Asker: 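This is the structure I want to talk about, given as structure tokens.
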4 protein chains.
Amino acid sequence: MNRECIEACQKCATECEQCLDAMIDIDSNNDCPRCCRECIDVCLLCAQAMARDSRFADAICRLCADVCQWCAEQCGAHQHDHCQRCAESCRKCVESCRAMAA
Amino acid sequence: MNRECIEACQKCATECEQCLDAMIDIDSNNDCPRCCRECIDVCLLCAQAMARDSRFADAICRLCADVCQWCAEQCGAHQHDHCQRCAESCRKCVESCRAMAA
Amino acid sequence: MNRECIEACQKCATECEQCLDAMIDIDSNNDCPRCCRECIDVCLLCAQAMARDSRFADAICRLCADVCQWCAEQCGAHQHDHCQRCAESCRKCVESCRAMAA
Amino acid sequence: MNRECIEACQKCATECEQCLDAMIDIDSNNDCPRCCRECIDVCLLCAQAMARDSRFADAICRLCADVCQWCAEQCGAHQHDHCQRCAESCRKCVESCRAMAA
């Protein structure tokens with residue numbers, strides 16, 4: 001059942017939106033919050049694609065895992081609470097999307 | 001805290017996507033699944049607007065409640081499981097969005 | 001015909017995305033690029049709502065005009081090329097959406 | 001310059017939304033309008049990814065070309081005006097996205 005993966009993607013979109021919003025005011029030394037901007041749209045696309053049992057769901061899950069992996073690395077390098085929460089939700093999304101696409 | 005409302009919107013988008021996908025193959029006697037198509041985008045917008053604490057969050061919550069109210073009425077008139085689940089998630093979203101915008 | 005307004009919304013989403021991406025690296029003295037983040041999703045929703053002749057198209061056009069008006073003011077206060085292009089596309093979107101919703 | 005490809009994706013999203021809305025009322029003998037539903041979100045994601053010069057733009061363009069190719073085949077098999085316009089915009093999007101990703 002893909003419900004868990006849908007929820008992981010949606011939670012990731014929420015955390016990335018909060019991280020993006022916060023990081024607009026903070027100087028970044030890496031690709032954060034560009035990675036959050038990227039994650040939001042791909043995670044939401046991925047969740048809807050799974051919900052409709054899309055024939056492209058596997059391909060979109062692989063793309064989503066790649067984007068979230070990048071975001072987990074970038075945000076994970078920052079100690080802000082929003083970055084750490086974002087990185088953690090990204091790591092869960094990577095794991096869940098890779099399992100779906102396997 | 002708006003976490004509950006974000007999750008209500010995201011769940012509604014998931015249920016509406018499943019209902020839309022199923023109803024494409026089924027003759028409808030009302031505005032279902034057009035209402036589901038409408039709900040998906042507005043619910044996802046609403047969730048992200050709340051996540052970033054948007055100055056338009058209240059206005060978007062009111063719009064989202066209106067769209068979900070319409071969808072709850074349309075899908076609620078059908079006995080398919082996907083329509084009943086969709087209508088139920090819409091009703092919860094209406095309640096949560098109206099409380100947020102109040 | 002709403003084709004002109006659809007294209008104004010889509011162009012605005014493009015310019016706002018470019019402005020958002022650029023302003024992530026630049027200190028802002030106002031609500032830019034938060035306004036761009038907001039515009040992107042609302043403009044894209046608005047374009048799709050018009051394309052499907054949604055019963056909520058007028059309400060969404062009014063919301064879109066309000067968001068774009070705010071963004072035009074914020075980005076218009078900056079002299080960067082991307083901000084000026086963004087503000088100009090927002091002003092056109094405001095005008096077009098208000099005409100649609102009238 | 002990717003402006004042409006962005007506009008091809010946006011036009012495709014518009015035509016797919018119109019085709020989806022029309023086909024909800026019409027019995028289909030193939031995957032139309034599921035293909036239109038799929039195209040809308042992927043085309044809009046693709047346009048925004050190009051606008052922000054995303055590091056995933058090539059991967060998203062390849063995905064978009066695959067989705068649009070499928071949609072062009074499905075809608076191209078129908079003689080409705082909206083299906084023919086949708087198929088034509090999908091074919092242009094395929095060509096443009098493949099050129100971008102090359």
Side-chain angles (χ1 to χ4, degrees), chain B residues 2 5-6 9-10 12-13 16-17 19-21 23-24 28-75 77 90 93-94 97-98 100-101, chain C residues 2 5-6 9-10 12-13 16-17 19-21 23-24 28-75 77 90 93-94 97-98 100-101:
Chain B
N2 57 13
C5 193
I6 290 172
C9 287
Q10 290 174 335
C12 196
C16 284
E17 187 83 47
C19 191
L20 168 65
D21 191 66
M23 289 300 292
I24 283 174
S28 173
N29 58 351
N30 64 16
D31 286 324
C32 170
R34 273 197 183 81
C35 57
C36 303
R37 173 69 193 99
E38 198 77 29
C39 267
I40 294 166
D41 283 2
V42 175
C43 282
L44 293 177
L45 172 69
C46 192
Q48 296 309 113
M50 284 185 283
R52 65 180 170 257
D53 204 12
S54 159
R55 67 167 57 198
F56 296 94
D58 284 359
I60 295 171
C61 279
R62 280 189 292 270
L63 172 66
C64 191
D66 290 346
V67 174
C68 288
Q69 177 68 39
W70 175 50
C71 193
E73 292 162 3
Q74 302 304 308
C75 294
C90 283
C93 201
V94 169
C97 283
R98 290 212 171 126
M100 282 298 297
Chain C
N2 56 13
C5 193
I6 290 173
C9 287
Q10 290 175 334
C12 197
C16 285
E17 188 83 47
C19 191
L20 169 64
D21 190 66
M23 289 301 292
I24 284 174
S28 173
N29 57 351
N30 65 17
D31 286 325
C32 171
R34 274 197 183 81
C35 56
C36 304
R37 174 69 193 98
E38 198 78 29
C39 266
I40 292 166
D41 283 2
V42 175
C43 282
L44 292 177
L45 172 70
C46 192
Q48 296 309 113
M50 285 185 281
R52 65 180 170 255
D53 204 11
S54 159
R55 67 169 56 200
F56 296 95
D58 284 1
I60 296 172
C61 279
R62 279 190 292 270
L63 172 67
C64 191
D66 289 347
V67 175
C68 287
Q69 177 68 38
W70 175 51
C71 193
E73 291 162 4
Q74 302 304 307
C75 294
C90 283
C93 202
V94 170
C97 283
R98 292 211 171 127
M100 281 299 296

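Every chain is numbered from 1 and lettered A, B, ... according to where its sequence line falls, protein lines coming before strand lines. As the structure is a computational prediction, the values presented were derived from the model and not from experiment.
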Asker: After noting the C-alpha distance and the side-chain angles of Glu38(B) and Arg52(C), does the key distance pass the side-chain contact (heavy atoms from CB on, under 4.5 Å) rule?
Answerer: CA-CA 9 Å; Glu38(B) 198 77 29; Arg52(C) 65 180 170 255; 2.9 Å; yes
Asker: Top residue by heavy-atom pair count (under 4.5 Å) with chain B, among Arg37(C), Arg34(C), Gln48(C)?
Answerer: Arg37(C)
Asker: Provide the closest heavy-atom pair for Leu63(C) versus Phe56(B) in the form atom of the first, atom of the second, distance.
Answerer: CD1-CD2, 4.2 Å
Asker: Report which part of Asp31(B) has an atom under 4.5 Å of a heavy atom belonging to chain C: side chain, backbone, both, or neither.
Answerer: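 The answer is the side chain of Asp31(B).
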Asker: For the CD1 atom of Ile60(C) and the CD1 atom of Ile60(B), what is their distance to the nearest 0.5 Å?
Answerer: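 The distance works out to 10.0 Å.
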